[in-house]
*Asks:* 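Structure below; questions to follow.
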There are 2 protein chains.
Amino acid sequence: MNIYDIAKRSGVSIATVSRVLNGGKNVSAKTKEKVLAVMKEEGYTPNIFARGLGLNSIKMVGILCTDVSDIYYAKAVSLVESCLRAHGLDVLLCCTGNQLENKKKYLKLLLQKRVDAVVLIGSAFKEDTDNSHIEEAAKQVPVVIINGLVDLPGVICVLCDDKNAMMKNTSLLHSCGCERILYLYDILTYSGRQKLNGFREGCLAFGCEHPENLTIKVPKNIEGTREKVRSLLQDGVRFDAVIASEDIIAIGAQKALAEQNLSLPIIGFNNSVFAQSATPALTSVDSMLDTLCPTAVNLLMDFIQGKPISNRVMISSRLVERDTFSTETRGNVEK
Amino acid sequence: MNIYDIAKRSGVSIATVSRVLNGGKNVSAKTKEKVLAVMKEEGYTPNIFARGLGLNSIKMVGILCTDVSDIYYAKAVSLVESCLRAHGLDVLLCCTGNQLENKKKYLKLLLQKRVDAVVLIGSAFKEDTDNSHIEEAAKQVPVVIINGLVDLPGVICVLCDDKNAMMKNTSLLHSCGCERILYLYDILTYSGRQKLNGFREGCLAFGCEHPENLTIKVPKNIEGTREKVRSLLQDGVRFDAVIASEDIIAIGAQKALAEQNLSLPIIGFNNSVFAQSATPALTSVDSMLDTLCPTAVNLLMDFIQGKPISNRVMISSRLVERDTFSTETRGNVEK
DNA sequence: TTGAAAGCGCTACCAC
DNA sequence: GTGGTAGCGCTTTCAA
C-alpha cells in the first residue's frame, strides 16, 4: 500500500495525494476529502523512509543520558519526552554510562540516525577537556544540554543555579549555628563542581570551617555512603550538619547518624521522591527539572524554527524544607 | 557526501560501495580496503532513510511505557535499552500515561516509524477488554510485554510470578502470628490483580481474615497513602501487618504507623531503592527485572531470527528481607 | 569480482 | 487545482 495505490483508487495523481499528505494546501476540498477517505479505508500509512529521504528529517530527537535508572535522570527524560512529543517529535533514547568513549560512540550513532536534534541530560556530558564530539554534533544539528554549561556555538544550555543553591545552604546552616558542615558528593561533573564550589565559597563567605576531611567523596548509593559516614564517626571526625550533592547520599548519611542516635541538620539535593521517602523526611534543594525541561524544549523548538533565542538560561533553585532542617525551627541543631 | 562520491573517489561503482557497506561479501580484499579507506577519509555515513527504503528496516525497536519517571519502569527501560543496544538496536521511547486512548495512539505512532519490534513495559498494557491494538501491532512486528500476559499470537510474554509472591507473603506473615493483614494497592493492572488474587487466596488457604475494609486502594504516592492509613487508624480499623503492591505505598503506610508509634510487619513490592531508603528498611519482593528484561530481549532476538522460542516465560520472585519483616526474628510482631 | 540499472515511496518543482 | 516527473541515496538483481 503506497502513494500510487492511493492515487489510483482516488482517481488522482500521486502529486495530489502527496499534497493531501502534507497538509492539503492547494487541493480542492472535494479532492482532499476523497483522498482522505481512501487513505482511511485502506489504512494507509506513508512510508517514513521515503519521506525522510525527501525531507531529510525523521522528526526524531536523540536523548543522551548516562543512566535512566537514576531517578533524577528518569524524571528529566520523562519531562523532555513529553514536551517533545507535544511538538510532534519522537525520542530516540540512548544511555551511555559515564565513559567518555561510550558517550562519543553513542552520540555518533544518534547522528547517524539523522535525528533532528540532540538533548544531553545532565552535566555529565560536559567533559573537562575534550568536548570535540559535542562541537562536531552541534555543527550538524541543534544540541541542548540540561543542567550543563558547554560553551560552544549551536549548543543551548539550560541549567539550575547549583552553586548559588549550595552557598545558600551553607549560609542557612551557618545562621542556624552550624560551624562544621560535612559535605558529601559523588562525582565532579560540571554540576557537581558547581555545587562543591558553592559550598566552599559559602564557607569562606560566612566563616564556616571547611577542612579537607569534611569534604568527602562517597559512592552514589545508600550503603556505601552509610559506611563511609559511619567510619567517619568512628574516627572521631566532628561535624554539626550535613550537605549532600544528592538525596540518596543524604539518606546514607542520615542512616549512619541515626545509628549513633545523632540528629543533625541534613540537606539533600534534587528534591526527589527519596527526600519524601526518608524518615525523617529530607530537606532538599529542588533542582527545578519541571521548569528546566520544558524551557529547554521550547528553546529548541524556537531555535529550529529560526527564531532568535537566548542559548544560556539559568534558573534559580528552591529549598524545600522538611524534617531534617528548617529555617523556622532554630532548635534543630544538636551537637 | 553519498555513495556516488565514495564510488567516484574509490574508482569503483556504487554497487561495489554498497557491497562494502553491507559486509563486503563478494568484494576483493583490495577493493574493499580501498573503499573503506575512502569512507573513513571522507567521514562518510550512509543515509539511513535511503537504506531504510531499500531494506525496510531501521534497526530500531519501540518501547512503550506508561511513565518513565516511575523508578520501576525506569529501571526496566534502562535494562531493555542496554540489552537491545548490545544487539545493535536503537530504542524509540514513548511514554503513554494510563489512558487507553493514548496507548493506542502512541503504539500506532511507533508502528508508523517502522520499528522492528515493540516492547511493552508493564502489565498496564494489557487491557481488561480491548487489546485489539496490540493484536494489530503483533501482526506487523514482534511484540513483547514485560510483566504482562497478553494471550495473542506473536506476543511474547515475560513475567514475574506476582500472585505466588503475594501468597507466600501472606503465608509468611500468618506463620509469624499475623491474622489481620492490611493490603494496600494502587491500580489493578493485570499484575496488580495477580497480586491481589495471591493475597486473597493466601488468606483463604492459611486462614487469615481479609475483610473488605482491609483491602484498600490508595494513591501511588507517599502522602496519599499516609493519609489513607492514618484515617484508617483513626477510624479504629485494626490490623497487625501490612502488605503493599508497591514499595512507595509501603513507605506511606510505614510513616502513618510511625506517627502512632506502631511497628508492624510491612512487606513492600519491587525491591526498589525505596525499600533501602526507608527507615526502617523495607522488606520487599524482588520482581526480578534484572532477569526479566534480558530474558525478554533475548527471546525477541531469537524470535526475529526465526528460532523457535517459548513465548510465555514466568520467573519466580524473591523476598528480600530487611528491617520491617524477617522470617528469622519471630519477635517482630507487636499488636 | 564488478558494473549498469531498476526500483524503494515519497517530495517538490514545473507545466498546464 | 492538478498532473508529470526528476530526484533523494541506497539495495539488489542481472549481465558481463
Side-chain angles (χ1 to χ4, degrees), chain A residues 1-40 42-60 88 90 109 111-116 140-141, chain B residues 1-40 42-60 88 90 109 111-116 140-141:
Chain A
M1 181 60 45
N2 60 28
I3 204 173
Y4 290 91
D5 299 318
I6 300 297
K8 199 173 295 172
R9 295 235 207 297
S10 311
V12 297
S13 73
I14 63 159
T16 301
V17 176
S18 179
R19 282 185 201 104
V20 172
L21 232 37
N22 294 289
K25 279 279 172 197
N26 299 327
V27 185
S28 75
K30 200 171 175 181
T31 310
K32 181 173 171 181
E33 200 177 325
K34 167 89 196 188
V35 172
L36 283 174
V38 173
M39 283 181 177
K40 175 167 282 180
E42 302 283 339
Y44 167 73
T45 302
N47 183 301
I48 189 138
F49 304 126
R51 208 166 206 187
L53 236 197
L55 299 173
N56 201 38
S57 158
I58 195 175
K59 296 289 171 209
M60 260 173 22
D90 276 320
L109 239 90
L111 259 19
Q112 281 177 210
K113 290 283 181 184
R114 296 289 204 276
V115 291
D116 296 297
Q140 300 179 41
V141 295
Chain B
M1 181 59 45
N2 60 28
I3 204 172
Y4 289 91
D5 299 317
I6 300 296
K8 200 173 294 172
R9 295 235 206 299
S10 311
V12 296
S13 73
I14 62 160
T16 301
V17 176
S18 178
R19 283 186 200 103
V20 172
L21 231 37
N22 295 288
K25 279 280 173 197
N26 297 329
V27 185
S28 75
K30 200 171 175 180
T31 310
K32 181 172 169 180
E33 200 175 326
K34 168 88 195 189
V35 172
L36 284 174
V38 173
M39 282 180 178
K40 174 167 283 179
E42 302 284 338
Y44 167 72
T45 301
N47 182 300
I48 190 145
F49 304 128
R51 207 166 205 188
L53 237 198
L55 299 173
N56 202 38
S57 157
I58 194 175
K59 297 288 173 211
M60 259 173 25
D90 276 319
L109 241 94
L111 259 19
Q112 281 177 211
K113 290 283 181 186
R114 297 289 205 274
V115 292
D116 297 297
Q140 300 180 42
V141 294

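Residue numbers start from 1 in every chain, and the chains themselves are labelled A, B, ... in the order their sequence lines are given, proteins ahead of strands. For clarity, every value in this text was computed on a predicted model and none was experimentally measured.
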*Asks:* Establish, with yes or no, whether the OP1 or OP2 oxygen of C/dT11 is under 4.0 angstrom from a side-chain nitrogen or oxygen of A/Ser18.
*Replies:* yes
*Asks:* Which value, rounded to the nearest 0.5 Å, describes the distance between A/Leu111 atom CG and B/Thr45 atom OG1?
*Replies:* 8.0 Å
*Asks:* Is the closest side-chain heavy-atom distance between B/Ile6 and B/Met1 below 4.5 Å?
*Replies:* yes
*Asks:* Contact class for A/Ser28 (heavy atom, under 4.0 Å): base, sugar-phosphate, or nothing?
*Replies:* sugar-phosphate
*Asks:* For A/Ser13 and D/dT2, is the shortest distance between a side-chain N/O and OP1 or OP2 below 4.0 Å?
*Replies:*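 So the side chain of A/Ser13 is outside the cut-off, no N or O lying under 4.0 Å from OP1 or OP2 of D/dT2.
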*Asks:* At less than 4.0 Å, is any side-chain N or O atom of B/Thr31 found next to OP1 or OP2 of C/dT2? Yes or no.
*Replies:*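 Yes, within the criterion.
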*Asks:* Between B/Ala50 and B/Lys32, which has a closest nucleotide on DNA chain C that is more 5'?
*Replies:*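 Whichever sits nearer the 5' end wins; that is B/Lys32.
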*Asks:* If I take atom CD from residue B/Gln112 and atom CG from residue A/Asp90, how far apart are they, to the nearest 0.5 angstrom?
*Replies:* 9.5 Å
*Asks:* In whole Å, what is the span from the CD atom of A/Glu42 to the P atom of C/dG9?
*Replies:* 15 Å
*Asks:* Taking the side chain of A/Asn26 as heavy atoms from C-beta outward, which of C/dT2, C/dC8, D/dG1 is closest to it?
*Replies:*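 Shortest atom-to-atom distance from the side chain points to D/dG1.
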*Asks:* OP1, OP2 of D/dG3 versus side-chain N and O of A/Tyr4: anything below 4.0 Å?
*Replies:*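 Answer no for this pair, as no side-chain N or O of A/Tyr4 is under 4.0 Å from OP1 or OP2.
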*Asks:* Which nucleotide, C/dT11, C/dG3, D/dG3, lies nearest any side-chain atom of A/Val12?
*Replies:* D/dG3
*Asks:* Starting at CG of A/Leu53 and ending at C1' of D/dG7, how long is that distance when rounded to a whole Å?
*Replies:* 10 Å
*Asks:* In whole Å, I'd like the distance from the NZ atom of A/Lys25 to the P atom of D/dT2.
*Replies:*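 After rounding, the reported distance stands at 14 Å.
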*Asks:* Among C/dC10, D/dC10, D/dT12, which nucleotide sits nearest the side chain of B/Leu55?
*Replies:* D/dT12
*Asks:* Got a second to check how far B/Asn2's CG is from B/Asn47's CG, nearest 0.5 Å?
*Replies:*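 The distance works out to 9.0 Å.
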*Asks:* Give a yes/no on whether any side-chain N or O of A/Arg19 is located under 4.0 angstrom from OP1 or OP2 of D/dG1.
*Replies:*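 For D/dG1, OP1/OP2 do not have a side-chain N/O of A/Arg19 under 4.0 Å.
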*Asks:* With rounding to the nearest 0.5 angstrom, report the CD1 to NZ distance, B/Ile58 to B/Lys113.
*Replies:* 8.0 Å
*Asks:* Could you state the atom-to-atom distance from CE of A/Met39 to P of C/dC10 in whole Å?
*Replies:* 9 Å
*Asks:* Can you tell me if the side-chain N/O atoms of A/Thr16 get under 4.0 Å from OP1 or OP2 in D/dT2?
*Replies:* no
*Asks:* Send over the distance from A/Ile14 CD1 to C/dG9 P, rounded to a whole Å.
*Replies:* 12 Å
*Asks:* Expressed in angstrom and rounded to an integer, what is the separation of B/Asn56 atom CG from D/dC10 atom P?
*Replies:*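 About 17 Å, once rounded to whole Å.
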*Asks:* With a 4.0 Å cutoff (strictly under), does any side-chain N or O of A/Arg51 reach OP1 or OP2 of C/dG9?
*Replies:* no
*Asks:* For A/Asn22, answer base if it contacts any base atom (sugar-phosphate contacts may also be present), sugar-phosphate if it contacts only those atoms, and nothing otherwise; contact means non-hydrogen atoms under 4.0 Å.
*Replies:*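 Touches sugar-phosphate only.
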*Asks:* Does some side-chain heavy atom of B/Tyr44 sit less than 4.5 Å from a side-chain heavy atom of B/Leu21?
*Replies:* yes
*Asks:* Roughly how many Å is it from NZ in A/Lys8 to P in C/dG9, rounded to a whole number?
*Replies:*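 A/Lys8 atom NZ is separated from C/dG9 atom P by 12 Å.
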*Asks:* Of the candidate nucleotides C/dT2, C/dT11, C/dG3, which contains the atom at the shortest distance from the side chain of B/Ala15?
*Replies:*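 The nucleotide sitting nearest to the side chain is C/dG3.
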*Asks:* Categorize B/Phe49 for me: base, sugar-phosphate, or nothing, with a 4.0 angstrom heavy-atom threshold over every strand shown.
*Replies:* nothing
*Asks:* Please give, in whole Å, the distance from D/dT5 P to A/Ile3 CD1?
*Replies:*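 Atom-to-atom, A/Ile3 to D/dT5, this comes out as 16 Å.
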*Asks:* So what does A/Asn2 touch, heavy atoms closer than 4.0 Å: a base, only the sugar-phosphate, or nothing?
*Replies:*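 Sugar-phosphate: the residue A/Asn2, judged by heavy atoms under 4.0 Å, touches backbone atoms but no base.
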*Asks:* Under 4.0 Å between a side-chain N/O of B/Asn47 and OP1 or OP2 of D/dG9, yes or no?
*Replies:* no
